[in-house]
Amino acid sequence: MEIFRAPIGTHDVLPPDSGWWERALGSFAQLARRAGFGLLLSPLFEDVAVFDRGIGATSDVATKEMYVFEDRGGRRLALRPEGTASVVRAFVQHRPVVPWKVWYATPAFRYERPQAGRYRQHHQVGVEALGSGDPALDVEVIALAARFYEVLGLRRVRLLINSMGHPECRAAYVAVLAAYLGEHAAELCDEHRERFAESPLRVLDCKRPACVAVTERGPQLPDHLCAACREHFAAVRVGLESIGIVSSLAPRLVRGFDYYTRTTFEFVSDALAGAQNAIGGGGRYDGLAEQLGGPATAGVGFGSGLERLRLAWEAEGNADSAQRVDVFVVDTTGGAHATVLADQLRQAGLAVERAFDQRSMKAQMRLADRSGAAVAVLVGPTEAAQGSVTIRDLRGAAEGAQVTVPASELVATVRERATER
Ligand code: HAM
């Protein structure tokens, strides 16, 4: 029989690895809640036009990477390649009171060439805030990302920041850039020598040394911002500084989606290899709601790839410790007592394991040891007849010590001994 494997570019996350994911998601949810963001759940697929209009029909992601399909009713749908367009679609549909601040945790699908840190299904946590153009909101969003990385224990993280301006000042800059690239076309990489005029900004994003050399010397976006955009950008940087968040100006940072306006940023991990070192990114998208048929509404947000965060965390020398339980219940009378005791202890808030399949006392004790539990609760024929339980310390100075108490004292005794580690 054929053995099926997860599709290329996708992966399963099993315990104990998934323990890190649980903690990361929990930390993110907590930080988001503290900053006033509520959880948004929305469909994994949308009308393909939501993404075409949202991220830009000519963007690499829309043209080469989107999972587009027709459903049985003949609708053209796409799996979400990112989180922002769907959030803004939901905003336009429901017209909630602004500022509207939501967070999400979602898989995202991109048909990319799989490699370490680049997958066809990856997972993002992110936030989006709609309805205010205040630079303080940019700061709040960026700070949430920075504090999240701190809570995860990442230290080798840098924040790169830029401003793309609003559409008019950006258009003026693009014209200047296109003229400059035209003068230096012969020096550009093979791809951009012929095609720079289609999307001059994309050349800024090109990692090939030829393009880097030309664009480094060329006109820089921040020097071409209008007064209002310049003021906004300065306010964001001052705000970040006021809370001790260090950012470096990255004048050639242009992100891959068409919706960005003004502030754009990326967090990179110096523990990861160059091409996949972005652990999170985002920015403003003040025209996106309108683009999706809604009222003109400012917006700002970010998304962060959990796989990359995990890789960065490992690359910084961290490792999972095995998941431990507090208590292991050993029942040599057939297992029915273990069912009742495990349930009682779990209801009391303890992490409890037990054996199945009527294993021998010796086999159950071996499992108890391996489980990392601090104490074992033992029930044999004597305890069963007396209505008692025996509680044995499995670790520490008192290892091997045990007491037999009435079953009514189970939870209190276990709690006392399991927390004395
Ligand atoms: P993005 O930069 O395309 O932005 O993705 C955000 C993060 O997702 C990246 O920094 C990276 O950590 C992770 N990521 C992206 N693609 C992959 C992949 N193929 N494999 C593994 N990880 C990946 C967005 O998606 C925007 N929606 C962010 C945003 C929110 N902008 C405003 N609001």
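Note: hydrogens, waters and symmetry copies are ignored here, and every other heavy atom, side chains too, is used. Nothing fancy with the numbering, it's 1 onward along the sequence. Each ligand, and each atom within it, is numbered from 1 in the order the structure gives.
- Distances below 4.0 Å separate heavy atoms of E82 from the following atoms of ligand 1: 25 (O), 26 (C), 27 (N).
- Counting heavy atoms closer than 4.0 Å to ligand 1, residue E307 contributes nothing at all.
- Remark: minimum distance from atom 8 (O) of ligand 1 to any protein heavy atom is reached at Q124 NE2, 3.3 Å.
- Between Y104 and ligand 1, no pair of N/O atoms sits closer than 3.5 Å.
- Using 4.0 Å as the threshold, G280 has a heavy atom nearer than that to some atom of ligand 1.
- Only the side chain of R255 comes within contact range of ligand 1, with a heavy atom under 4.0 Å; no backbone atom does.
- If you check which protein heavy atom lies closest to atom 18 (C) of ligand 1, you get H122 ND1, 3.5 Å.
- Ring geometry for Y259 versus Y285: interplanar angle over 60°, hence perpendicular rather than tilted (30 to 60°).
- Annotation: E266 places no N or O atom under 3.5 Å from an N or O atom of ligand 1; distance criterion only.
- Contact annotation for E128 and ligand 1: only side-chain heavy atoms (C-beta onward) come within less than 4.0 Å of the ligand.
- At the top of the distance list for atom 32 (C) of ligand 1, counting protein heavy atoms only, stands G301 O, 3.3 Å.
- Listed by chain and residue number, T333 satisfy the side-chain hydrogen bond (donor to acceptor under 3.5 Å, both in side chains) test with D331 (two or more places apart in sequence, or in another chain).
- Heavy atoms of F257 found under 4.0 angstrom from ligand 1 belong exclusively to the side chain.
- Contacts between F302 and ligand 1 below 4.0 angstrom, taking non-hydrogen atoms only, involve the backbone exclusively.
- Of the charged side-chain nitrogens involved, at least one lies within less than 4.0 Å of a carboxylate oxygen, so that K207 and D205 count as a salt-bridged pair.
- For atom 9 (C) of ligand 1, the closest non-hydrogen atom of the protein is A278 O, 4.1 Å.
- Side-chain contact of T215 with R252: a donor-acceptor pair under 3.5 Å is present, judged by distance alone.
- Side chains of R354 and T339: a donor on one and an acceptor on the other come within 3.5 Å.
- Between Y180 and H184, the angle of the ring planes lies from 30° to 60°, which puts this pair in the tilted group.
- Using a 4.0 Å cut-off between a side-chain N of Lys or Arg and a carboxylate O of Asp or Glu, R310 and E307 do not qualify as a salt bridge.
- A 4.5 Å side-chain heavy-atom check between R118 and R308 finds at least one atom pair inside the cut-off.
- In summary, the atoms of ligand 1 found under 4.0 Å from a heavy atom of I279, numbered by their order in the structure, are 10 (O), 12 (O).
- Against a heavy-atom cut-off of under 4.0 Å, E112 is close to the following atoms of ligand 1: 16 (N), 18 (C), 19 (N).
- Heavy-atom contacts of R118 reach the following atoms of ligand 1: 19 (N), 20 (N) (cutoff under 4.0 Å).
- The aromatic rings of Y173 and H224 sit tilted, their planes meeting at an angle between 30° and 60°.
- Taking only nitrogen or oxygen atoms, main chain and side chain alike, G303 does not reach within less than 3.5 Å of ligand 1.
- Evaluation of the salt bridge (Lys or Arg N to Asp or Glu O under 4.0 Å) rule for E241 yields no partner, not counting sequence neighbours.
- Defined by atom type and a distance below 3.5 Å, a donor-acceptor pair is present between the side-chain atoms of Y149 and S304.
- Ranking the protein heavy atoms by distance from atom 26 (C) of ligand 1 puts Y259 OH, 3.4 Å first.
- Among all non-hydrogen protein atoms, the one lying nearest atom 31 (N) of ligand 1 is Y260 OH, 2.6 Å.
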Take F148 and I279, measure what side-chain contact (heavy atoms from CB on, under 4.5 Å) needs, and give me the verdict at the end. CA-CA 11 Å; F148 177 48; I279 53 173; over 6 Å; no
